[in-house]
Amino acid sequence: MPEGPELALAGRYINEACGGLVFCGGAERSAVGRGPEVPFRSEAYRLGAAARGKELRLRLEPLGPGRPQALVFRFGMSGGFRLRPAAAPPRHAHLRFLTRESPPRALCFVDARRFGSWRLGDAWQPGRGPCVLTEYRAFRENVLKNLDDKAFDKPICEALLNQKYFNGIGNYLRAEILYRLKIPPFEKARTVLEALKHQEQARRKKNSSLTLSKKLKLKRDNPDLLELCHTVPMEVVAAEKNLLDPDHADNHTAFKNWLQCYGVPGMSSLRDHNGRTIWFQVTTRASKRRSRRAENPATLAVKKEEEEEEEAVPEPPRKGRARARRAAAAAPASSEPEAPVKVTRRRASARKGAGTAPAV
DNA sequence: CGTCCACGTCTAC
DNA sequence: TAGACCTGGACGG
């Protein structure tokens, strides 16, 4: 579930499904939940939610006397919220808020892997930047004003996971965003982003004579990297229709269909320096020409025809820097030169699971 | 059965 | 920059 869009959707889900409900009692915490007991109890209270990047704030507002209580959640790899009959809570529900309905229901914070957590109070985690979804202006400025930060010494694909600057971007979004512009993932972040500044200025000059509506259209049709950090996650939020049931089957299917790069057959993948898989498309001179011509591709058709050509593989990480605990697979023999890094190119026929296809 | 992989942080050599 | 923290799904033998 959980990158910016999923947190935003969880917030909407809570507000829409629970906005009209009255809750009562305290917050029931499971024995293993990664968060504190919640010092709150009320005979009648309401819930409201707001998301910022990869955090979600929940407010418990008593209808009668009593002080409100706020909680800030992070979802880790598997967290989310569900409203369920209180008698049949989902597995791994670590915090539950009961409604006053006749057969009561419970809004549950569910998190199988327990990398998620909550804290008391309404403060966002200090050090996380503005939300790419809800604070676009501030987000953009925060990046462009701080390009001297060493965070931008890193490859763009790694910088995009830095929540100090890209609060809400995660592993699938970084792939989808870079893919839209065909930016090689291991290009230095500062180089990519400095270019935006100049580009911004150049365009402003060039377009100064155009009408406002033409300017807007130009901007829409040629989004830069930072704009995509906003619009791409917005697409996910807009696409999800079954808000009231986060685990409705259609949702997942729609999401899978939306992905153009992450985990998609035909795309390539590498481990970044933190051992995370970065998905991207190997670009060739030919394919660049092709996509420039196509501009608004009937995506599926374009993907299919992607085939063998001499490739301009992005600068790979200097080392395999792979997973945590490897079963001593690749021989550690020769130290440097041949990086154990594999560029995997999946053909359309390849099996669906990630990491299956043969290296080329 | 087993191994590998997963939408994310954290902290400790 | 390795791990640690977790469960569960997909796939292989």
Side-chain angles (χ1 to χ4, degrees), chain A residues 1-10 30-35 51 53-56 72-81 90-94 110-119 124-129 132-133 150-151 153-155 157-158 160-177 232-233 235-237 239-240 246-247 249 251-252 254-256 258-265 269-279 317-330 332 342 344 346 350-358:
Chain A
M1 254 201 141
E3 294 184 22
E6 287 73 27
L7 279 279
L9 286 164
S30 81
V32 292
R34 279 273 220 264
K54 286 187 209 167
E55 295 186 304
L56 181 143
V72 174
F73 291 82
R74 279 173 305 126
F75 284 10
M77 294 285 264
S78 57
F81 278 91
R91 259 167 81 62
H92 306 296
H94 300 303
V110 182
D111 181 10
R113 296 183 69 180
R114 276 182 276 145
F115 294 171
S117 65
W118 62 90
R119 300 181 335 258
W124 303 115
Q125 184 178 52
R128 298 190 78 106
V132 295
L133 281 157
K150 58 179 165 30
D153 295 348
K154 312 218 165 167
C157 72
E158 294 173 20
L160 283 171
L161 292 186
N162 186 338
Q163 303 299 296
K164 181 174 172 193
Y165 293 107
F166 298 92
N167 191 4
I169 301 301
N171 206 17
Y172 78 73
L173 283 172
R174 70 170 177 172
E176 295 300 315
I177 290 163
V232 171
E235 289 177 22
V236 180
V237 173
E240 305 289 314
D247 56 8
N251 242 325
H252 192 239
F255 176 69
K256 288 296 213 106
W258 174 84
L259 292 171
Q260 296 178 30
C261 179
Y262 181 83
V264 169
S269 66
L270 289 171
R271 296 315 183 99
D272 69 15
H273 298 308
N274 301 309
R276 303 263 265 150
T277 302
I278 173 67
W279 289 87
R318 3 226 191 261
K319 284 201 168 182
R321 212 38 73 234
R323 102 196 61 290
R325 150 190 356 144
R326 229 277 114 91
K342 286 174 180 160
T344 80
R346 285 152 233 259
R351 234 182 260 93
K352 48 188 308 187
T356 351

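Below, chain A is the first sequence line, B the second, and so on; all start at residue 1.
At least one side-chain nitrogen or oxygen of A:R128 sits closer than 4.0 Å to the OP1 or OP2 atom of B:dT9. A:H92 has no side-chain polar atom (N or O) that falls below the 4.0 Å cut-off from OP1 or OP2 of C:dC6. Between A:R114 and C:dT7, a side-chain N or O to OP1/OP2 separation shorter than 4.0 Å is present. OP1 or OP2 of B:dC7 has at least one side-chain nitrogen or oxygen of A:R276 nearer than 4.0 Å. OP1 or OP2 of B:dG8 has not a single side-chain nitrogen or oxygen of A:S78 nearer than 4.0 Å.
Taking atom P in both C:dG9 and B:dT9, the straight-line distance is 23 Å, to the nearest Å. On the C1' atoms, B:dC7 is 23 Å away from C:dT1, given to the nearest whole Å. Comparing the C1' positions of B:dT11 and C:dT7 gives an interatomic distance of 22 Å, to the nearest angstrom.
Across all strands shown, A:R174 has no heavy atoms under 4.0 Å from either base or sugar-phosphate atoms. A:E55 comes within 4.0 angstrom of nothing in the nucleic acid, heavy atoms only. Here A:S117 lies out of heavy-atom contact (under 4.0 Å) with every strand.
Here the P atom of nucleotide C:dA4 and the CZ atom of A:R113 are 15 Å apart, to the nearest Å. Rounding to whole angstrom units, CZ of residue A:F115 and C1' of B:dG8 are separated by 8 Å. The nearest whole Å value for the distance from the CG atom in A:D111 to the C1' atom in C:dC6 is 9 Å. Atom CD of A:Q163 is separated from atom P of B:dC7 by 13 Å (rounded to the nearest Å). Here the C1' atom of nucleotide C:dG9 and the CE atom of A:M77 are 13 Å apart, to the nearest Å. For the pair A:R91 CZ and C:dC6 P, the computed distance is 15 Å after rounding to whole Å. For the pair A:N171 CG and B:dT9 C1', the computed distance is 13 Å after rounding to whole Å.
Nearest nucleotide to the side chain of A:K54, out of B:dT9, C:dC5, B:dA6: B:dT9. Considering only side-chain atoms of A:Y172, the nucleotide from B:dC5, C:dT7, B:dC7 that sits closest is B:dC7.
Here A:F75 does not lie in a stacked arrangement on the base of B:dG8, lacking the combination of planes under 30° and ring centres under 5.5 Å apart.
Taken from OH in A:Y262 to NZ in A:K256, the straight-line distance is 9.0 Å, to the nearest 0.5 Å.
Using bins of under 30°, 30° to 60° and over 60° for the plane-to-plane angle, the ring pair A:F75/A:F81 lands in the tilted bin.
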Checklist entry - So what's the dot-bracket for DNA chain B: Watson-Crick or G-U pairs under 3.5 Å, [ ] if a pair crosses, | if it pairs off-strand? => result ||||||.|||||.
Next on the checklist: For A:R119 and A:E55: C-alpha separation, side-chain torsions, deciding distance, then whether salt bridge (charged side-chain N to carboxylate O under 4.0 Å, His left out) applies.
Outcome noted: CA-CA 11 Å; A:R119 300 181 335 258; A:E55 295 186 304; 3.7 Å; yes
